[in-house]
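This report refers to the structure that appears directly beneath it.
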Number of protein chains: 2
Amino acid sequence: MKLFKNGVIIMDRRQQKTRAAIFQAFTALLGEESYSRITVQEIIDRANVGRTTFYAHFETKDELLKALCENLFCHIIASAEDCSHTHGLYCDGSAPESIFCHLLQHLKENDSNVLGLLSCESNEIFLRFFKDSLCELIRSQFDMQKHPFGRKVPADFLVNHISGSFVEMVLWWIRGRMKQTPEELDCYFRSVIEPVL
Amino acid sequence: MKLFKNGVIIMDRRQQKTRAAIFQAFTALLGEESYSRITVQEIIDRANVGRTTFYAHFETKDELLKALCENLFCHIIASAEDCSHTHGLYCDGSAPESIFCHLLQHLKENDSNVLGLLSCESNEIFLRFFKDSLCELIRSQFDMQKHPFGRKVPADFLVNHISGSFVEMVLWWIRGRMKQTPEELDCYFRSVIEPVL
DNA sequence: ATTAAAGAGAACAAAATGTTCGTTACAATA
DNA sequence: TATTGTAACGAACATTTTGTTCTCTTTAAT
């Protein structure tokens with residue numbers, strides 16, 4: 001099914017196409033009904049691929065979901081990592097280009113319809129995935145810093161607090177139809193996070 | 001199916017039993033496999049009720065889930081509401097009996113196995129439900145208070161931030177095998193929340 | 001003791017799952 | 001360009017799950 005070359009996975013152009021078609025169909029369906037109600041039949045009908053083809057790519061619906069998550073967040077997190085290398089987490093209070101602002105802007109652009117998935121009926125799954133990625137990102141940046149709360153509160157707790165708050169904020173933003181700009185949101189976030197950094 | 005008396009629902013003792021049996025079986029199954037993999041057949045086998053009986057109580061598996069959530073959190077939130085009436089949200093910084101500490105202690109006691117559900121594979125569903133209940137509770141307490149952030153950050157944002165942070169903390173606590181006492185956790189939470197109140 | 005309702009259990013159609021074929025179409029090589 | 005491997009097709013299939021419809025029995029409330 002998959003060919004390996006120099007350690008990286010090379011995909012047949014056909015595979016890429018069907019994979020993309022399945023992802024797209026699945027994403028669209030998630031906007032229409034809850035995850036548990038979506039059937040493989042619906043997916044392959046919309047994606048216009050054969051039944052066998054689907055099962056050749058994904059063992060189950062759950063696997064498809066997982067693969068979609070990985071696809072989605074690896075991009076957004078990678079670009080945030082890039083950003084954090086040059087600017088750091090929140091070292092200087094006045095940095096206009098924080099990771100968080102960067103992430104929010106990235107979300108606003110909404111490539112590959114992350115927002116659609118984060119606001120669909122079954123968004124909890126994506127939220128958890130998003131948060132897990134975020135935790136890793138923040139942790140890698142965090143232990144570099146010395147924080148005054150060092151003894152009072154464990155660093156692990158703080159990493160979770162920051163990631164969790166951010167994800168919950170994004171959810172709040174989306175549910176409120178995204179009336180605020182990324183910059184406004186970033187300002188809110190700094191207000192509640194910087195006092196504890 | 002259901003009899004009404006003075007506006008409240010009165011249940012036949014038989015109904016109560018089967019309902020309880022179904023809830024219990026469902027809860028146990030959620031600890032063993034993911035929600036999407038659980039079948040109605042498994043539930044009725046474990047609960048030892050007939051197929052017809054199940055569908056007389058719940059239209060779908062999703063409805064059962066929803067009913068379970070409502071059952072779970074109405075108790076825990078009601079007792080927290082009680083507590084908040086006497087002590088307020090976080091008015092005085094040294095109150096040993098905050099809503100949050102109360103909630104954590106309540107969770108620690110773990111009646112009706114809330115912790116099991118919050119740590120099972122499909123816990124996202126319960127988390128959202130928990131957070132929604134919490135948001136309402138905090139909102140009802142919050143707008144009574146005057147907070148210094150009044151202009152800088154919307155109250156709505158703060159309510160979401162507090163509820164969200166709390167839920168994320170509980171999740172972190174459970175995932176870390178609950179090594180901290182409710183009092184320790186409450187202390188952590190105050191450290192990150194009181195600066196923004 | 002009477003009555004109304006709930007559960008058991010079997011049987012059923014319809015839908016969804018997951019697998020196995022042989023055949024066709026295409027993509028990456030030489 | 002010809003060759004070769006393999007992805008996709010599609011039809012057919014057994015199996016599982018769903019949701020409904022019966023009849024009959026048991027139980028709770030009064």
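Every chain is numbered from 1, with letters handed out A, B, ... down the list of sequences. Quantities reported herein were computed from a predicted structural model and do not represent experimental measurements.
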Whether Asp12(A) side chain and Gln16(A) backbone form a donor-acceptor pair below 3.5 Å: no

Listing, residues 128-137 of chain A side-chain donor-acceptor contacts under 3.5 Å, not counting sequence neighbours, or none:
unit_1	atom_1	unit_2	atom_2	d
Arg128(A)	NH1	Glu168(B)	OE1	3.2
Arg128(A)	NH2	Glu168(B)	OE2	3.0
Lys131(A)	NZ	Asn160(A)	OD1	2.7
Lys131(A)	NZ	Glu168(B)	OE1	2.6
Ser133(A)	OG	Phe129(A)	O	2.9

With a 3.5 Å cut-off and sequence neighbours excluded, list the donor-acceptor pairs that the side chains of residues 173-182 of chain A form with protein atoms.
unit_1	atom_1	unit_2	atom_2	d
Trp173(A)	NE1	Gln180(A)	O	3.0
Thr181(A)	OG1	Glu184(A)	N	3.1
Thr181(A)	OG1	Glu184(A)	OE1	3.4

NZ/NE/NH1/NH2 to OD/OE distance under 4.0 Å, Glu121(B) and Arg37(B): no

Between C1' of dA8(D) and CD of Gln16(A), the distance in whole Å: 15 Å

Spacing between Phe54(B) atom CZ and dT17(D) atom C1', to the nearest angstrom: 12 Å

Pi-cation contact, Phe26(A) with Lys61(A) (under 6.0 Å, within 45°): no

Arg19(B) CZ to dG7(C) P, straight-line distance once rounded to whole Å: 11 Å

Close side-chain approach of Phe189(B) and Val170(B), heavy atoms under 4.5 Å: no

For nucleotides 19-27 of chain C, tabulate all protein N/O to nucleotide N/O atom pairs closer than 3.5 Å, reporting atom names and distance.
unit_1	atom_1	unit_2	atom_2	d
dC26(C)	O2	Arg14(A)	NH1	3.4

Parallel, tilted or perpendicular: rings of His161(A) and Phe157(A) (30°, 60°): parallel

Atom-to-atom span, CD of Gln15(B) to P of dA29(D) - whole angstrom: 10 Å

Non-neighbouring partners of Asp156(A) that pass salt bridge (charged side-chain N to carboxylate O under 4.0 Å, His left out), sequence neighbours left out: Arg139(A)

d(CE, Met11(A); C1', dT6(D)) in whole Å: 14 Å

Derivation of the side chain to side chain donor-acceptor pair (under 3.5 Å) call for Ser36(A) and Ser36(B): CA-CA 6 Å; Ser36(A) 57; Ser36(B) 58; over 6 Å; no

Contact under 4.0 Å: His57(A) side-chain N or O vs dA8(D) OP1/OP2: yes

Salt bridge present between Arg190(A) and Asp186(A) (N-O < 4.0 angstrom): yes

Candidate pair Gln141(A) and Glu81(A), rule side chain to side chain donor-acceptor pair (under 3.5 Å), full reasoning: CA-CA 9 Å; Gln141(A) 293 294 311; Glu81(A) 247 171 1; over 6 Å; no

Integer-rounded Å distance: dG7(C) P and Ile22(B) CD1: 8 Å

Contact list for DNA chain D against residues 26-45 of chain A - heavy-atom distance below 4.0 Å: none

Inter-end axis angle, the helix from dA1(C)-dT30(D) to dA30(C)-dT1(D), with every axis fitted to five base pairs (rounded, 10 degrees): 50°

Minimum-distance nucleotide (side-chain atoms of Thr53(B) versus dA8(D), dA8(C), dG19(D)): dA8(C)

